[in-house]
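Below is one structure, written out as structure tokens; the observations come after it.
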Number of protein chains: 2
Amino acid sequence: MSTRTPESEPLLTPAEVASMFRVDPKTVTRWAKAGKLTSIRTLGGHRRYREAEVRALLEGVPQQRTPEGGAPGA
Amino acid sequence: MSTRTPESEPLLTPAEVASMFRVDPKTVTRWAKAGKLTSIRTLGGHRRYREAEVRALLEGVPQQRTPEGGAPGA
DNA sequence: CAGCACTCGGGTAATTAGGGGT
DNA sequence: AATGTCCTAATTACCCGAGTGC
């Protein structure tokens with residue numbers, strides 16, 4: 001099997017991102033249109049999103065957050 | 001160079017291109033049929049795609065961008 | 001030669017895009 | 001300003017059997 005990956009980042013489909021955020025795919029599309037999300041378009045016009053970008057937004061790592069719940073480092 | 005590689009450009013299989021775009025290999029075939037992708041056919045009829053072409057499309061460089069990072073110098 | 005993974009081809013369901021309205 | 005829902009059109013994903021590639 002030629003499972004070579006010529007430098008490609010993992011991408012997510014609108015439905016995937018929408019499911020992760022618990023919103024409608026339409027909303028994700030609006031975020032992409034608003035420039036809040038990096039969207040890569042397929043040759044057919046459909047959008048794909050970077051998994052790293054989405055995960056970072058889910059984690060809430062824009063700049064600095066105050067981890068109040070549980071202190072990671074002792 | 002010790003490698004005896006005949007001057008050919010790196011070609012990608014449908015599965016590789018599909019993986020890069022996060023789409024189905026069948027979809028890549030559609031793009032080739034639609035003329036959106038340059039497809040090279042093997043003697044058996046299978047398609048091969050140019051890595052440079054695919055990467056350019058992934059980058060989203062239909063015209064020209066201003067790569068601030070590395071100026072090619074002119 | 002034999003075998004497996006991948007691709008080909010066509011057809012149908014599911015998803016996405018875009019605009020408009022609440 | 002932002003989200004969810006409606007509609008239509010386009011694109012994409014999965015089904016099959018046969019052939020190619022190594």
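Reminder, nothing fancy here: chain letters follow the sequence lines and each chain counts from 1. Bear in mind the structure is a predicted one, so any value in this text is a computation, not a measurement.
A donor-acceptor pair is defined here as one N or O able to donate and one able to accept, closer than 3.5 Å; no such pair exists between the side chain of A/Arg48 and the backbone of A/Leu11. Listed for the B/Glu16 side chain is a donor-acceptor partner under 3.5 Å among the backbone atoms of B/Thr13.
The NZ atom of A/Lys26 sits 19 Å away from the P atom of D/dA1 (whole-angstrom rounding). Note: CG (B/Leu43) to C1' (C/dT7) measures 15 Å, nearest angstrom. Rounded to a whole Å, the CD1 atom of A/Ile40 is 14 Å from the P atom of C/dA17. A straight line from CZ of B/Arg22 to C1' of D/dA13 spans 11 Å, rounded to a whole angstrom. Rounded to whole Å, the distance from CG on A/Asp24 to P on D/dA2 is 17 Å. In this structure, B/Trp31 places its CH2 atom 18 Å from C1' of C/dC8, rounding to the nearest Å. As a whole-Å value, the separation of A/Lys36 NZ from D/dA1 C1' is 8 Å. Going from atom CG of B/Leu37 over to atom P of D/dT12 covers 11 Å, rounded to whole Å.
With contacts defined as side-chain heavy-atom distances shorter than 4.5 Å, the pair B/Thr27/A/Leu43 does not qualify. At a threshold of 4.5 Å between non-hydrogen side-chain atoms, the residues B/Val23 and B/Trp31 count as touching. The shortest distance between side-chain heavy atoms of B/Lys36 and B/Arg30 does not fall below 4.5 Å. Between B/Leu57 and B/Leu37, some side-chain heavy-atom pair lies under the 4.5 Å cut-off.
Nearest nucleotide to the side chain of B/Arg30, out of C/dG11, C/dT7, D/dA10: C/dG11. With distances taken from any side-chain atom of B/Lys33 to the nucleotides C/dC8, C/dG10, C/dG18, the minimum falls on C/dG10.
Counting non-hydrogen atoms under 4.0 angstrom, A/Arg47 reaches the backbone sugars and phosphates but no base. Contact annotation for B/Arg48: no contact, since no heavy-atom pair falls under 4.0 Å across all strands.
Between A/Thr27 and D/dT3, a side-chain N or O to OP1/OP2 separation shorter than 4.0 Å is absent. Taking side-chain N and O atoms only, A/Thr42 has a distance below 4.0 Å to OP1 or OP2 of D/dT12.
Listed here is the closest heavy atom pair of B/Ser39 and B/Tyr49: CB-CE2, 3.8 Å.
Applying a 4.0 Å cut-off to non-hydrogen atoms, none of the residues of residues 9-19 of chain A approaches DNA chain D.
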